[in-house]
Amino acid sequence: MSHNPVRPWRDIYRRKSRQIMVGNVPVGGDAPIAVQTMTNTLTTDVAATVAQVQAAAEAGADIVRVSVPDEASSKALKEIVRESPVPIVADIHFHYRRGIEAAEAGAACLRINPGNIGDEKRVKEVIKAARDHNCSIRIGVNAGSLEKHLLEKYGEPCPEAMVESGLEHIRILQDNDFHEFKISVKASDVFLSAAAYQGIAEATDAPIHLGITEAGGLVSGTIKSAIGLGNLLWMGIGDTIRVSLSADPVEEVKVGFEILKSLGLRHRGVNIISCPSCARQGFDVIKTVEALEHRLEHIKTPMSLSIIGCVVNGPGEALMTDVGFTGGGAGSGMVYLAGKASHKMSNDQMIDHIVEQVEKKAAELDSAAEAAE
Ligand code: SF4
């Protein structure tokens, strides 16, 4: 995957995993790496939860997870699933009944650890409900909630304990002839997460859900996730990702996509290349980029735009982008199309003009892609 014959230094060799389905979204194998997020509304508040799911889906989320802590939430889940444009994963902890109810309510996947839901009979009932309703399972090992016997054995949460926990849960599913599962081994510590993920990636061919749990707020959590998930994805590990932020789920989706875009693993929307600006800038780069990020949110077509303050780097960056603008003198700059200088444009009209150019290019790329199909 991601083979680049011209620039082999960009290649990422993805770990071979088996493919499962989460509703209509394939996860693992050669499927695109799926981006997930989780709602933070009360699940019983159906309208608010559906609105959040829709906003996340609009931002590009492929799959959304919803907490199901009680029976009222299971009931609400049914309506949420009906209204959702993307598959819904039900987040279940300990209560096996919630697992069964969520499968019956139409959840596409249960996030549940089969070793933590009681005796064998209960485990079998949940697996049966999942099987009967075409529901996959995510085993979610978390360093903060490792089983007691593993903490006693290893003394503290460590990669080996997390891998062993994951394999114990996997064994329960396999013993019940259930193979539609993916697995995560999350920790809030980047080193622990990365080591645990490498261990589990070697020990199983199940698709892997990546995440750095409780990563923090928008800035710190983004950086932590970019380092942790970025390194693993670069190694070829990861079939679906969730960036956990103490922020709006839409931000999680945006950050997830930015991580995948940075590694050339997935493309969506306008990739803006912009300079930090300095005394040489021919227009206000920072304000312009802020305005363009907002004005171009509706573009889903993968394409690139360079917004560069002056000719030091402008023409060079514009060479490699679909649309470009480079600041010049006397209140105007140069517009580049497909890498070539095209025409001048005054600074005070350039935002509207660039939006127009990007929309035009996106429409061209879309019709070319349609014609190629
Ligand atoms: S491209 Fe020009 S304006 Fe932008 S940071 Fe470099 S020198 Fe400054």
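Because the structure is a prediction, the values reported are computed rather than measured. Both ligands and their constituent atoms are indexed starting at 1 by order of listing.
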Protein contact of atom 6 (Fe) of ligand 1 - nearest heavy atom, named by residue and atom, plus distance: Asn313 ND2, 3.9 Å
Ala279, portion touching ligand 1 at heavy-atom distance under 4.0 Å: neither
Tell me, which protein residue and heavy-atom name are nearest atom 1 (S) of ligand 1, and how many Å apart are they? Ile308 CG2, 3.5 Å
Residue, atom and distance of the protein heavy atom nearest atom 8 (Fe) of ligand 1 read Cys278 SG, 2.3 Å
Any N, O or S atom of Cys275 closer than 2.8 Å to atom 8 (Fe) of ligand 1: no
So, are Glu71 and Arg97 salt-bridged, with charged N and O less than 4.0 Å apart? no
Electrostatic pair Asp248:Lys254 at N-O distance under 4.0 angstrom: no
Please write down residue, atom name and distance for the protein heavy atom closest to atom 2 (Fe) of ligand 1. Cys310 SG, 2.3 Å
Between Glu168 and Arg171, does any NZ, NE, NH1 or NH2 come within less than 4.0 Å of an OD or OE carboxylate oxygen? no
For Gln281, the atoms of ligand 1 under 4.0 Å from one of its heavy atoms are 3 (S)
Counting from 1 in the order shown, the ligand 1 atoms closer than 4.0 Å to a non-hydrogen atom of Gly309 are 3 (S), 4 (Fe)
Do NZ/NE/NH1/NH2 and the carboxylate oxygens of Asp132 and Lys128 come within less than 4.0 Å? yes
Counting only heavy atoms not in Leu319 (residues, nucleotides, ligands), do more than 12 fall under 6.0 Å from its CG? yes
Would you mind checking if Asp30 and Lys16 are paired as a salt bridge, meaning a charged N to carboxylate O distance below 4.0 Å? no
